[in-house]
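As structure tokens, the structure follows; a few thoughts come after it.
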Amino acid sequence: MKNTIKIERAVKDITQEDLANIISVSRQTINAMEKNKYVPSTVLALKIARYFGKPVEEIFILEETD
């Protein structure tokens, strides 16, 4: 699964640490998601989508191999 978290953060001009604090996870969790090394839970994906004001499907993209 790919995601656009890094792009969305750049648009809002916030750091990984800022986003982590907003959604109550560690900065390392945000980093791992951005590097596609961690697939978030449904609740976490929904929190991220809500913060950026976008549908989950605009931030998290399923790939053919998923």
Side-chain angles (χ1 to χ4, degrees):
M1 178 183 327
K2 292 171 33 175
N3 67 70
T4 61
I5 296 171
K6 189 172 186 174
I7 295 165
E8 298 298 336
R9 281 194 311 99
V11 169
K12 285 206 175 239
D13 193 29
I14 63 170
T15 66
Q16 287 181 342
E17 187 73 31
D18 293 335
L19 181 57
N21 290 335
I22 290 163
I23 60 173
S24 302
V25 297
S26 70
R27 183 200 59 77
Q28 290 85 349
T29 298
I30 302 300
N31 187 319
M33 282 190 288
E34 288 184 1
K35 292 183 176 186
N36 299 317
K37 294 184 177 187
Y38 175 75
V39 176
S41 68
T42 305
V43 172
L44 184 51
L46 288 168
K47 284 182 178 181
I48 292 168
R50 179 182 289 167
Y51 173 73
F52 289 122
K54 295 194 172 184
V56 173
E57 297 87 355
E58 284 188 28
I59 297 173
F60 297 95
I61 301 101
L62 279 177
E63 297 181 284
E64 290 293 322
T65 56
D66 290 336

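- Atoms CD and CG, on Gln16 and Asn21 in that order, are 12.0 Å from each other to the nearest 0.5 Å.
- Residues Asn3 and Ile48 are not in side-chain contact: their nearest non-hydrogen atoms beyond the backbone lie 4.5 Å or more apart.
- Checking Arg9, Lys6, Arg27 one by one against Glu34, the salt bridge (Lys or Arg N to Asp or Glu O under 4.0 Å) holds for a single residue, Arg9.
- The nearest pair of heavy atoms linking Ala49 to Val56 is CB-CG2, 3.7 Å.
- Thr29 places none of its side-chain heavy atoms less than 4.5 Å from the side chain of Ile23.
- Between Tyr51 and Lys12, some side-chain heavy-atom pair lies under the 4.5 Å cut-off.
- When side chains are defined from C-beta on, Thr4 counts as touching Ile61, because their heavy atoms get closer than 4.5 Å.
- From Thr65, atom OG1 reaches atom CE of Met1 across 10.5 Å, with rounding to the nearest 0.5 Å.
- Scanning for salt bridge (Lys or Arg N to Asp or Glu O under 4.0 Å) contacts around Lys54 gives Glu8, with sequence neighbours left out.
- Atom CG of Leu44 sits about 6.5 Å away from atom CD1 of Ile30, to the nearest 0.5 Å.
- Side-chain contact between Ile7 and Phe52 is absent, with no heavy atoms from C-beta onward closer than 4.5 Å.
- Proximity of a side-chain donor or acceptor of Asn31 to a complementary backbone N or O of Gln28 within less than 3.5 Å is not detected.
- At least one donor-acceptor pair under 3.5 Å links the side chain of Asp66 to the backbone N or O of Glu63.
- Atom CG of Asp13 has 12 or fewer neighbouring heavy atoms from other residues, nucleotides or ligands inside a 6.0 Å radius.
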